[in-house]
K.L.:
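If you scroll down you'll find the structure; I have some questions about it.
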Amino acid sequence: MNLSSAFSIIILLAAGVFVAGSSGAQVIEVPNPSFEEGVDAPIGWTLSGGTGEWLEDEATEGTRSIQVTGTGQGSNHWRSEPLALEPLSVYVLTFDARSSGSGTGTAISGPHYCNRDLGPLTDSWQSFSSVFYTPAVLESWARSLLFGQWHVRGAMAFDNVALYAAQPLYAEEDGLRLGEGERIEGNTYVFSAPHHSLSRNHSRPLIHQQSRFNTYRWNFGAG
């Protein structure tokens, strides 16, 4: 028996299918999610450093998007204002991204404690969907979303950001409640954390966390 979980949220994915879930999804307000508002820079977003642009007439939603440019070394990003996130909760993040002549490094996305490397992107806009599980203590900096680049030689652009609160739905069979990565083999319980899947840093057995997760691996620091 190999049972997997889905997320209780209605959301259109890149493949054009819906994640099975509730009749409505709790939308988490993201400031200026399609980057349309602002004068000299997009309201609600701050560039960490390096080279970044607020693009006009290049977008998937509206007419504006954000972009970062790298030299092949280092990293920089656009950071959102703090969001109304809850500790130890699951969220689904969606956004669009593309590259401009980049064949090295990776685009980065999501909150600092659950970064998702997107790898090299195509020159055409692509839609992405990511899941993340918040830590037990959410300081102000941990409530922000980041979109940027790591060791990219070229440019990465982002647009059309949305965030939803999600409720994991676990499969039940013979009185057992199992999520993704859990299975019963005969009389043996087996768990393989689904770090490479949509679930990322979330799994049913995880009840508390205060560490940083990067793409498919935990990074344990002091404390």
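Sequence positions, counted from 1, serve as the residue numbers for this chain.
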K.L.:
Backbone N or O of Y133 within a donor-acceptor pair of the N201 side chain at under 3.5 Å?
P.N.:
yes

K.L.:
Could you walk me through whether I184 and V190 pass the side-chain contact (heavy atoms from CB on, under 4.5 Å) test, one step at a time?
P.N.:
CA-CA 6 Å; I184 302 297; V190 179; over 6 Å; no

K.L.:
Measure the spacing between OG of S144 and OH of Y113 and express it to the nearest 0.5 Å.
P.N.:
9.0 Å

K.L.:
Any side-chain heavy-atom pair from L145 and P111 closer than 4.5 angstrom?
P.N.:
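Answer yes - side chains close enough.
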
K.L.:
Identify the heavy atoms of M156 and P120 that sit nearest to each other, and give their distance.
P.N.:
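Where M156 meets P120 most closely, the heavy atoms are CE-CA, 4.4 Å.
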
K.L.:
Going through the distances and angles, do S127 and T94 end up as a side-chain contact (heavy atoms from CB on, under 4.5 Å)?
P.N.:
CA-CA 7 Å; S127 295; T94 66; over 6 Å; no

K.L.:
Would you confirm whether S199, through its side chain, and S197, through its main-chain N or O, come within 3.5 Å as a donor-acceptor pair?
P.N.:
no

K.L.:
Look only at the side chain of R204 and the backbone of E182, and say whether a donor-acceptor pair between them is shorter than 3.5 Å.
P.N.:
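A pair under 3.5 Å: no.
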
K.L.:
Evaluate whether atom OH of Y216 has more than 12 neighbouring non-hydrogen atoms of other residues, nucleotides or ligands under 6.0 angstrom away.
P.N.:
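Open: at most 12 neighbouring heavy atoms sit under 6.0 Å from OH of Y216.
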
K.L.:
Step by step, work out the side-chain contact (heavy atoms from CB on, under 4.5 Å) result for F35 and N160.
P.N.:
CA-CA 8 Å; F35 312 107; N160 196 24; over 6 Å; no

K.L.:
Closer than 3.5 angstrom, by distance alone: can the side chain of T69 be matched with the main-chain N or O of G52 as a donor-acceptor pair?
P.N.:
no

K.L.:
If the threshold is 4.0 Å, N to carboxylate O, is there a salt bridge linking E58 and R98?
P.N.:
yes

K.L.:
Please verify the inter-ring angle class for H195 with W218; under 30° counts as parallel, over 60° as perpendicular, anything in between as tilted.
P.N.:
perpendicular

K.L.:
For residues 38-50, dump all side-chain donor-acceptor pairs below 3.5 Å to protein atoms at least two apart in sequence or in another chain.
P.N.:
{"residue": "W45", "atom": "NE1", "partner": "P31", "partner atom": "O", "Å": "2.8"}
{"residue": "W45", "atom": "NE1", "partner": "N32", "partner atom": "O", "Å": "3.4"}
{"residue": "S48", "atom": "OG", "partner": "H77", "partner atom": "N", "Å": "2.9"}
{"residue": "S48", "atom": "OG", "partner": "H77", "partner atom": "O", "Å": "3.2"}

K.L.:
Give a yes or no on whether the backbone of V152 and the side-chain of Q149 come within a donor-acceptor separation of less than 3.5 Å.
P.N.:
yes

K.L.:
What closest approach, in Å, do P168 and V90 show between heavy atoms, and which atom pair accounts for it?
P.N.:
CG-CG2, 3.9 Å

K.L.:
For residues V161 and V30, report the shortest heavy-atom separation together with the two atoms involved.
P.N.:
CG1-CG1, 4.1 Å

K.L.:
Verify, without hydrogens or angle tests, whether W78 (side chain) and Q67 (backbone) share a donor-acceptor contact under 3.5 angstrom.
P.N.:
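It does hold such a pair.
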
K.L.:
Are L206 and F220 linked, directly or through intermediate hydrophobic residues, by side-chain heavy-atom contacts shorter than 4.5 Å (ILVMFWY only)?
P.N.:
yes

K.L.:
Has the side chain of T106 got a donor or acceptor atom that lies under 3.5 Å from a matching backbone atom of G119?
P.N.:
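Yes; judged by distance alone, with no hydrogens or angles, the pair exists.
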
K.L.:
At what distance, to the nearest 0.5 angstrom, does NE2 of H202 lie from OG of S89?
P.N.:
11.0 Å

K.L.:
Run the side-chain contact (heavy atoms from CB on, under 4.5 Å) test against R153 and tell me which residues pass, sequence neighbours left out.
P.N.:
T104

K.L.:
Does the side-chain contact (heavy atoms from CB on, under 4.5 Å) test come out yes or no for L83 and L163, once each step is laid out?
P.N.:
CA-CA 10 Å; L83 310 180; L163 185 65; 3.7 Å; yes

K.L.:
From S192 OG over to R183 CZ, what is the distance, rounded to the nearest 0.5 angstrom?
P.N.:
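Output value for this atom pair is 6.5 Å.
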
K.L.:
Under the side-chain contact (heavy atoms from CB on, under 4.5 Å) rule, collect the residues that match up with H112, sequence neighbours excluded.
P.N.:
W141, L146, R212

K.L.:
Excluding sequence neighbours, so at least two apart, what forms side-chain contact (heavy atoms from CB on, under 4.5 Å) with R116?
P.N.:
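Result, side-chain contact (heavy atoms from CB on, under 4.5 Å) vs R116: S109, L118, F128, S130, R200.
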
K.L.:
Once you round to the nearest 0.5 Å, how far does OG1 of T63 lie from CG of L55?
P.N.:
10.5 Å

K.L.:
Is there a donor-acceptor pair closer than 3.5 Å between any side-chain N or O of R217 and the backbone N or O of N214?
P.N.:
yes

K.L.:
Just wondering, do Q126 and L121 contact through their side chains at under 4.5 Å, heavy atoms?
P.N.:
yes

K.L.:
Taking S211's backbone N and O only, do any of them form a donor-acceptor pair with Q209's side chain (distance below 3.5 Å, no angle check)?
P.N.:
yes

K.L.:
Specify the closest pair of heavy atoms between Q210 and A136, including all atoms of both residues, with the distance to one decimal.
P.N.:
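Taking Q210 first and A136 second, the nearest heavy atoms are OE1-N, 3.1 Å.
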
K.L.:
Please answer whether the main-chain N or O of D117 pairs with a side-chain N or O of T215 as donor and acceptor at a distance below 3.5 Å.
P.N.:
yes

K.L.:
Using a 4.5 Å cut-off between side-chain heavy atoms of Ile, Leu, Val, Met, Phe, Trp and Tyr, which other residues end up in the same hydrophobic cluster as W150?
P.N.:
I108

K.L.:
Could you walk me through whether F95 and F147 pass the ring pair (Phe, Tyr, Trp, His ring centres under 6.0 Å) check?
P.N.:
CA-CA 10 Å; F95 58 94; F147 294 98; 5.1 Å; yes

K.L.:
Where is the tightest heavy-atom contact between A165 and I28, given as atom of each residue plus distance?
P.N.:
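Taking every non-hydrogen atom into account, N-CG1, 4.0 Å.
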
K.L.:
Look up atom OG in S65 and atom CG in D96, then write down how far apart they are to the nearest 0.5 Å.
P.N.:
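It is 10.0 Å, given to the nearest 0.5 Å.
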
K.L.:
Looking only at non-hydrogen atoms, find the nearest pair between L85 and A142 and report the distance.
P.N.:
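So the minimum-distance heavy-atom pair works out to CD1-O, 4.3 Å.
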
K.L.:
With S34, which residues qualify under side-chain contact (heavy atoms from CB on, under 4.5 Å), at least two apart?
P.N.:
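So S34 forms a side-chain contact (heavy atoms from CB on, under 4.5 Å) with E36, E61, D159.
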
K.L.:
Give, for atom OG1 of T71 and atom CG of N76, the distance between the pair rounded to the nearest 0.5 Å.
P.N.:
9.0 Å

